[in-house]
Each structure stands twice: as structure tokens, then as C-alpha cells.
Amino acid sequence: MAVNDVNDSLLLPVADADGAPFWEYAARGELRVQACASPACGELRFPPRPCCPHCGSFESDWREMSGRGRLWSYVIPHPPLLPAYAEQAPYNAVLVELAEAPHIRLAGNVVACPDAPLNSVDPARLRIGAPVRAAFCPVGPGGGVTLVRWLLER
């Protein structure tokens with residue numbers, strides 16, 4: 001099975017109206033996070049939502065992040081219950097805290113390169129606090145969704 005076939009058999013996110021811009025930016029290779037556009041606030045927030053939890057404003061924009069962060073947590077699922085994931089075991093599922101906003105954590109996988117299978121990094125290489133950077137991988141039918149994945153920094 002080719003790498004893209006393996007990636008195309010994974011579960012894909014479903015964008016809602018609030019989160020759609022996140023996926024549109026990811027498709028362009030940009031990691032952006034929703035921010036309050038109120039001049040008095042400006043707080044970053046994730047997951048995206050219509051109202052700022054800090055000030056209550058309904059104004060928002062999307063700020064570009066560096067794509068850098070660090071592993072906040074990770075697991076190696078045992079056993080993977082879905083067939084597409086069982087084929088790639090052992091693999092990792094991680095939470096990454098963003099360098100610019102440590103209170104924002106994104107879920108994903110650490111991989112050897114953007115389109116590599118989920119098991120492309122030996123789990124023994126993962127450490128809490130390890131620096132990572134975002135990579136973008138189009139998946140699904142026709143590359144219809146671009147996932148944010150993570151590469152270990154050297």
C-alpha cells in the first residue's frame with residue numbers, strides 16, 4: 001500500500017463554520033489561530049468559536065503562527081481499534097503547545113516527513129518538551145483536507 005493510500009484511509013476532520021478558516025489556511029501551508037479582533041483584547045483562542053471567551057466580543061481574525069512548538073503530551077495507542085490505524089501501529093498521537101501561545105495546544109502526529117505514515121517516527125524518540133515544527137499533508141479524496149502534522153526539530 002502506498003503512503004498516500006495509507007493516509008487517505010484515516011479519519012478526516014469535518015470543518016464547521018467557525019473552524020473552516022483554519023483548514024483553508026492549512027491547505028495553503030499556513031498555521032493560523034483565531035484571535036479576538038477587539039482592540040481592547042486581542043487574545044488568541046483555539047478551538048475556533050464565534051465569541052471571545054475573554055471579553056465576549058464577536059469580532060475575530062486569524063493570526064499566522066510560526067509553526068513552531070513543543071510536545072506537551074503524547075500517547076502510543078494500544079491497541080488501535082480502527083483498521084486503518086491498526087495497520088500503522090505503533091504510532092503516536094500528540095498535543096503540541098504553540099511557541100507563541102503555550103496555552104493553545106493542537107492535536108496531531110509526529111511524522112518523519114509531511115506525507116509519511118503515522119508510524120514513521122520511532123516512539124522512543126518522543127520526549128515531553130521536544131521542539132517540533134508544523135508540516136502540512138493533503139489527504140483524503142483528491143487531497144481535499146490538509147492535516148497539520150509535526151516534525152521533530154533537530
Side-chain angles (χ1 to χ4, degrees), residues 1-36 43-50 53 60-154:
M1 187 179 285
V3 170
N4 284 340
D5 293 340
V6 170
N7 286 331
D8 288 347
S9 64
L10 302 177
L11 295 175
L12 298 178
V14 176
D16 61 11
D18 295 322
F22 176 85
W23 301 108
E24 292 165 10
Y25 287 119
R28 297 193 303 219
E30 298 176 25
L31 181 62
R32 290 188 180 246
V33 171
Q34 190 182 47
C36 180
E43 289 287 328
L44 296 172
R45 61 184 185 247
F46 197 89
R49 50 193 163 252
S60 68
D61 61 17
W62 288 82
R63 302 228 183 106
E64 188 166 11
M65 302 288 106
S66 68
R68 300 209 182 292
R70 67 181 197 97
L71 283 186
W72 187 79
S73 184
Y74 69 93
V75 297
I76 310 302
H78 296 284
L81 300 177
L82 300 172
Y85 292 85
E87 293 171 12
Q88 296 190 60
Y91 62 91
N92 61 76
V94 302
L95 285 178
V96 171
E97 66 178 13
L98 298 181
E100 297 90 345
H103 68 284
I104 293 179
R105 298 181 185 113
L106 302 180
N109 307 95
V110 174
V111 291
C113 65
D115 64 348
L118 300 183
N119 62 0
S120 62
V121 171
D122 180 351
R125 293 186 57 208
L126 301 178
R127 298 282 181 267
I128 300 299
V132 293
R133 65 182 164 86
F136 302 90
C137 179
V139 296
V145 175
T146 299
L147 297 179
V148 178
R149 293 187 167 173
W150 302 95
L151 307 174
L152 289 171
E153 293 272 59
R154 303 211 182 263

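In this structure, the side chains of Val132 and Val94 stay at 4.5 Å or more apart for every pair of heavy atoms. Residues Leu44 and Met65 meet the side-chain proximity criterion, which asks for heavy atoms closer than 4.5 Å. Taking 4.5 Å as the limit, some side-chain heavy atom of Leu31 sits within range of a side-chain heavy atom of Phe22. The side-chain heavy atoms of Tyr85 and Pro77, taken from C-beta on, include no pair separated by under 4.5 Å. The side-chain heavy atoms of Asn119 and Glu87, taken from C-beta on, include no pair separated by under 4.5 Å. Counting heavy atoms from C-beta on, the side chains of Leu147 and Pro13 come closer than 4.5 Å. By the 4.5 Å heavy-atom criterion applied to side chains, Val110 and Arg125 are not counted as neighbours. With contacts defined as side-chain heavy-atom distances shorter than 4.5 Å, the pair Leu81/Pro79 qualifies.
A donor-acceptor contact shorter than 3.5 Å links the side chain of Arg49 to the backbone of Pro47. The closest donor-acceptor contact from the side chain of Arg133 to the backbone of Gly67 lies at 3.5 Å or more, if one exists at all. A donor-acceptor contact shorter than 3.5 Å is absent between the side chain of Ser60 and the backbone of Gln34. Side-chain N or O atoms of Tyr25 include none that pairs as donor or acceptor with a backbone N or O of Glu64 at under 3.5 Å. Distance alone, capped at 3.5 Å, is enough to place a donor-acceptor pair between the Asn109 side chain and the Asn92 backbone. A distance-only check finds no donor-acceptor pair linking the side chain of Arg32 to the backbone of Pro21 [under 3.5 Å].
Among all heavy-atom pairs drawn from Arg45 and Pro53, the shortest one is CD-CD, 3.7 Å. Looking at every heavy atom in both residues, Ala116 comes nearest to Ser120 through CB-OG, 3.3 Å. Between Leu151 and Pro114, the shortest heavy-atom distance links the atoms CD2-N, 4.3 Å.
Under the 4.0 Å criterion applied to side-chain N and carboxylate O atoms, Glu153 and Arg68 are assigned as salt-bridge partners.
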